[in-house]
Amino acid sequence: MKAIYELIYKDKNSNARYGKIHTNYGIYETPMFMPVGTLATVKTLTPEELKEIGCGIILANTYHLWLRPGEDIIAKAGGLHKFMNYDGPILTDSGGFQVFSLAKLKDISEEGVKFKSHLDGSELFLTPELSIQIQNKLDSDIAMSFDECPPYPVTYEYMKNSVERTLRWAKRGKDVHTNEKQALFGIVQGGEFEDLRRWSALETVKLDFDGYAIGGTSVGEDKETMYKMIEYSTSYLPEDKVRYLMGVGDPIDIIEAVIRGVDIFDCVLPTRLARHGNALTTYGKMNIKNAQYKEDFKPIDENCDCYTCKHYTRAYIRHLITCDESLGGRLLSIHNIHFLVKLTEDLRSAIKEDKVIEYREKFLKNYQNKE
RNA sequence: GCGAAUAUGGUGAAGUGGUUAACACAUCGGAUUGUGGCUCCGACAUGCGUGGGUUCGACUCCCACUAUUCGCC
């Protein structure tokens with residue numbers, strides 16, 4: 001079964017939507033946050049822990065798994081789900097972002113992207129077709145089109161060419177996509193340019209994908225610009241398809257995007273922050289390494305009922321992080337992912353009561369009023 | 001008791017007769033948004049064991065003292 005979106009309710013005071021996404025592994029409510037598990041693991045956490053936190057879809061990455069261990073090994077293992085023992089839905093990113101963000105770019109051509117592996121420097125060539133074929137082998141539930149994610153800022157001319165090429169790549173990918181059980185999403189680009197966003201959205205929709213993603217945000221632009229990019233994109237996307245904002249996970253950004261009609265998110269932020277000793281809390285971001293928590297025996301967030309907050313103190317987690325003990329990052333990852341999962345849960349409730357705008361005000365008031 | 005060596009920030013240590021005394025770790029802050037990275041960026045000795053002396057000027061040279069370490073009675 002492909003991932004099918006079901007719009008259930010629209011907030012009366014904004015563009016926020018409550019819906020459900022039907023997948024091979026069950027039905028999940030949106031808005032939803034998807035944690036990132038690039039290398040077929042949400043860093044430090046087991047599938048059981050993810051389930052307990054309340055996660056639905058998780059991400060894995062085509063570029064990384066292509067290089068290691070290789071898609072054939074994963075296919076031999078019986079697909080990504082079996083390989084990593086996750087019996088929930090998995091979305092694979094196309095590798096487009098990695099090619100532009102971490103590999104040493106050599107050449108972007110119509111055919112694809114030539115670049116150097118970040119592992120050993122060897123020269124590789126990734127094309128829209130290859131990305132889709134790898135994702136087919138990985139057997140994820142949702143595959144992403146191979147796109148270009150340009151930096152910010154680039155000229156209008158550059159962006160126009162890039163968006164047009166990304167559209168041609170999307171079509172090529174779709175043409176070789178044969179996995180009937182795997183959904184395929186298209187990606188809207190266009191930077192901060194309204195007409196390019198519109199064009200990108202409308203043209204991508206014409207290709208008829210199972211869902212639509214908004215890419216190219218959070219690449220260095222300011223918040224207002226980013227929110228506009230989101231608005232420009234969602235306003236031209238069909239209501240009966242899911243909208244996925246790629247790579248965004250700051251709590252405030254999630255709320256602002258939901259208000260602009262976005263349904264699902266993914267982000268490394270909760271797990272990366274965790275490994276660096278930061279916690280997301282209802283009263284803002286907390287750097288647990290700060291000396292003020294040395295003798296603080298309260299939970300990370302007193303309003304939180306996650307496993308970490310139920311059993312551990314700030315002082316203990318600070319000690320673990322300070323000593324570079326991996327349990328510290330694990331406990332904070334559990335908390336941070338739970339925080340975003342709970343945030344989307346609260347947003348769903350608010351939407352159903354037409355109270356998303358009020359929810360935002362209330363959230364901001366607490367979040368910016370650090371303890 | 002005698003002889004020798006060494007004394008630089010929380011730690012380990014560079015260093016020069018003359019503007020701001022390296023660097024590392026620790027500490028204290030900050031960053032982090034489709035995850036190579038246990039990552040990145042800042043701050044951090046008004047003083048170089050103590051007291052004298054030489055010199056225009058000493059942390060760097062000289063003397064005494066103190067401490068530590070090693071060796072010998």
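As the structure is a prediction and not an experimental result, all values here were calculated from the model. By convention in this document, chain letters (A, B, ...) are assigned in the order of the sequence lines, proteins followed by strands, and residues within each chain are numbered from 1.
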Value in whole Å for how far the P atom of B:rA31 lies from CE of A:Met286: 14 Å
Separation of atom CD1 in A:Ile321 from atom P in B:rG29, rounded to whole Å: 14 Å
P atoms of B:rU55 and B:rC59, separation to the nearest Å: 16 Å
Validation row: A:Arg360, A:Lys365 side chains within 4.5 angstrom (heavy atoms): no
Sugar-phosphate only, base, or nothing, as touched by A:Leu269 at under 4.0 Å among non-hydrogen atoms: sugar-phosphate
Touch class at under 4.0 angstrom, heavy-atom based, for A:Arg330 against every strand present: nothing
Distance between P atoms of B:rG47 and B:rU20 (Å, rounded): 14 Å
Presence of A:Lys285 side-chain N/O under 4.0 Å of B:rG30 phosphate oxygens OP1/OP2: no
Side-chain touch A:Leu332/A:Ile288, heavy atoms, less than 4.5 angstrom: yes
Sugar-phosphate, base or nothing in reach of A:Leu245, heavy atoms under 4.0 Å: nothing
First encountered from the 5' end of RNA chain B, between A:Arg318 and A:Val42: A:Arg318
Between P of B:rC28 and CD of A:Gln292, the distance in whole Å: 11 Å
Test item: A:Leu65 and A:Glu71 side chains (from C-beta on) under 4.5 Å apart, heavy atoms: no
salt_bridge(A:Asp72, A:Lys76) N-O dist < 4.0 Å: no
B:rU32 phosphate, OP1 or OP2, under 4.0 Å from A:Asn278 side-chain N/O: no
Whole-Å C1' distance, B:rA67 and B:rA26: 26 Å
Close residues, residues 204-229 of chain A, relative to RNA chain B [heavy-atom separation under 4.0 Å]: A:Gly216, A:Ser218, A:Lys223
Sidechain N-carboxylate O distance under 4.0 Å for A:Asp11, A:Lys355: no
Polar pair under 3.5 Å, donor/acceptor by atom type, side chain A:Asn61, base B:rG34: no
Step-by-step side chain to side chain donor-acceptor pair (under 3.5 Å) determination, A:Tyr9 to A:Lys12: CA-CA 9 Å; A:Tyr9 189 77; A:Lys12 289 194 167 53; 2.7 Å; yes
Side-chain (A:Thr41) to main-chain (A:Gly37) donor-acceptor, under 3.5 angstrom: no
Whole-Å gap separating C1' (B:rG36) and CG (A:Leu67): 10 Å
Separation between the C1' atoms of B:rC48 and B:rC61, rounded to whole Å: 16 Å
Atom P, compared across B:rG51 and B:rG42: separation rounded to whole Å: 37 Å
Sugar-phosphate, base or nothing in reach of A:Thr44, heavy atoms under 4.0 Å: nothing
Within 45° cone and under 6.0 Å: A:Lys352 NZ/CZ vs A:Tyr18 ring: yes
Test side chain to side chain contact (heavy atoms under 4.5 Å, CB included) applied to A:Ile142 and A:Asn24, A:Thr92, A:Val242, A:Ile57, the passing residue: A:Ile57
A:Lys160 and A:Trp199, any side-chain heavy atoms less than 4.5 Å apart: no
Which protein N or O atoms sit under 3.5 Å from an N or O of nucleotides 37-42 of chain B?
from	atom 1	to	atom 2	distance (Å)
B:rG37	OP1	A:Lys43	NZ	2.8

Whole-Å gap separating P (B:rA31) and CG (A:Asn287): 8 Å
Nucleotide-level pairing of RNA chain B, given in dot-bracket where Watson-Crick and G-U pairs need both distances under 3.5 Å and | marks other strands: ((((((((.[[[..)..(....]]].(((((.......))))).....[[[[[..)....]]]]]))))))).
Whole-angstrom distance between B:rU39 and B:rA45, as gauged at atom C1': 29 Å
Contact check, side chains of A:Lys116 and A:Ser122, non-hydrogen atoms, under 4.5 Å: no
Side-chain N or O of A:Asn290 closer than 4.0 Å to phosphate OP1/OP2 of B:rG30: yes
Listed nucleotide nearest any side-chain atom of A:Lys294, set B:rG34, B:rG36, B:rC28: B:rC28
Sugar-phosphate only, base, or nothing, as touched by A:Asp250 at under 4.0 Å among non-hydrogen atoms: base
Cation-pi, A:Tyr367 ring and A:Lys362 (6.0 angstrom, 45 degrees): no
Within-4.5 Å side-chain heavy-atom neighbours: A:Tyr283 and A:Asn303: yes
B:rA7 to B:rC25 separation - P atoms, rounded to the nearest Å: 24 Å
4.5 Å side-chain heavy-atom contact, A:Ile90 and A:His81: yes
d(CG, A:Asn336; C1', B:rU32) in whole Å: 12 Å
Rounded distance (Å) that lies between atom P of B:rG36 and atom CZ of A:Phe115: 13 Å
Rounded C1' spacing from B:rG1 to B:rA58 in Å: 35 Å
Nearest-Å distance for atom pair CG/P, residues A:Asp93 and B:rG34: 9 Å
